[in-house]
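All values derive from a computational prediction rather than experimental measurement. Labels below follow one simple rule: chain letters A, B, ... track the order of the sequence lines, proteins then strands, and each chain is numbered from 1.
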Number of protein chains: 2
Amino acid sequence: MTSPTALRKAVETYWAAAEARDWETFAGTLADDVVYELPQSRERIRGKERYVQFNKEYPGDWHAQVLRIVAEGDEAVSWILMREGLRESYAVNLFTADASGRIAAITDFWPEPYEPPFGRDHLTERY
Amino acid sequence: MTSPTALRKAVETYWAAAEARDWETFAGTLADDVVYELPQSRERIRGKERYVQFNKEYPGDWHAQVLRIVAEGDEAVSWILMREGLRESYAVNLFTADASGRIAAITDFWPEPYEPPFGRDHLTERY
């Protein structure tokens, strides 16, 4: 089991490097055979080279702010606020480390805003 | 800081009790002043009584399967597969414990399926 600190540090570096468009440092956090999955679209990217390219090519002037990282052993989760111009969205990212502390698996969720369902506003408030 | 084991245990109990519709046990995992937030709809529920009622009243014959729990100190995250009939969806839930190990804050994300954007199928596969 990787120490919590190793994977937490890798995830912190992953986001700082992505924000800085420092793709060499970003790549350094990843295992060569990293697997990236998006369960919402059922897309998968295999391998560090393709995954770095995916991030390099990702369109838009986006900025990622880390809201929370929770790390335990070889698992970690980050909660991100992503800004692009006036648009803000959240992401939640699940990470698994390999034995050397590099990121071997990423499962990304990009939840979209929705309107509250009817019938529960006797319990809820809006913010 | 709560021990990782205390909050992990609370989150395990939370899901097992929800699945069993054992609302007394479920309530026992929660702080009296628990705050539940849904950032996608910007809904908030304040207090154990209302939050238990919200879960009791939640429509449908849903079943929650815990895929992963990551717990560190007074923070934890669960990744859930929710089934209702043939419909499957994921949820990611962020928990914060109070000093006694009860769940004081929950931030829930319910990401919906979407079609892959154009222009990246040179890097991705579908699964």
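- Contact annotation for B:Tyr90: only side-chain heavy atoms (C-beta onward) come within less than 4.5 Å of a heavy atom of chain A.
- Grouping the Ile, Leu, Val, Met, Phe, Trp and Tyr side chains by contacts below 4.5 angstrom, directly or via other members, places A:Leu94 apart from A:Val35.
- Partners of A:Pro116 by side chain to side chain contact (heavy atoms under 4.5 Å, CB included), not counting sequence neighbours, listed by chain and number: A:Arg126, B:Ser41, B:Glu43.
- By the criterion of side-chain heavy atoms lying less than 4.5 angstrom apart, applied directly or through intervening Ile, Leu, Val, Met, Phe, Trp or Tyr residues, A:Val34 is grouped together with A:Phe95 in one hydrophobic cluster.
- Within the 4.5 angstrom heavy-atom criterion, only side-chain atoms of B:Thr107, from C-beta onward, approach chain A.
- If you chain together hydrophobic residues whose side chains sit under 4.5 Å apart, B:Val52 and B:Tyr36 fall into the same group.
- Under a 3.5 Å cut-off, the side chain of A:Glu72 and the backbone N or O of B:Ala71 do form a donor-acceptor pair.
- Clustering ILVMFWY residues whenever any of their side-chain heavy atoms sit less than 4.5 angstrom apart, transitively, puts B:Leu67 in the very cluster that holds A:Phe109.
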Between A:Thr96 and B:Arg68, does a side chain to side chain contact (heavy atoms under 4.5 Å, CB included) hold up when you go through it step by step?
CA-CA 11 Å; A:Thr96 305; B:Arg68 193 181 297 185; 3.6 Å; yes
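- Using a 4.5 Å heavy-atom cut-off against chain B, the contacting residues of residues 76-86 of chain A are A:Ala76, A:Val77, A:Trp79.
- Expressed to the nearest 0.5 Å, how far CD of A:Glu125 lies from CD of B:Glu37 amounts to 8.5 Å.
- Put simply, the side chain of A:Tyr51 does not reach to within 4.5 Å of the side chain of B:Leu123, judged on heavy atoms.
- Heavy-atom proximity under 4.5 angstrom to chain B picks out A:Glu57, A:Tyr58 from residues 55-62 of chain A.
- Residues B:Glu112 and A:Glu112 fail the side-chain proximity criterion, which asks for heavy atoms closer than 4.5 Å.
- With a 4.5 Å cut-off on non-hydrogen atoms, B:Val92 touches chain A through its side chain but not through its backbone.
- Residues B:Val66 and A:Val70 do not share a hydrophobic cluster, defined by chaining ILVMFWY side chains whose heavy atoms lie under 4.5 Å apart.
- Counting heavy atoms from C-beta outward, B:Arg50 and A:His122 have side chains that stay 4.5 Å or more apart.
- Residue contact with chain A, scored on non-hydrogen atoms closer than 4.5 Å, involves the backbone of B:Ile69 exclusively.
- The two atoms that bring B:Tyr127 and A:Pro39 nearest to each other are OH-CA, 3.2 Å, heavy atoms only.
- The interface of residues 10-31 of chain B with chain A, defined by heavy-atom distances below 4.5 Å, is empty.
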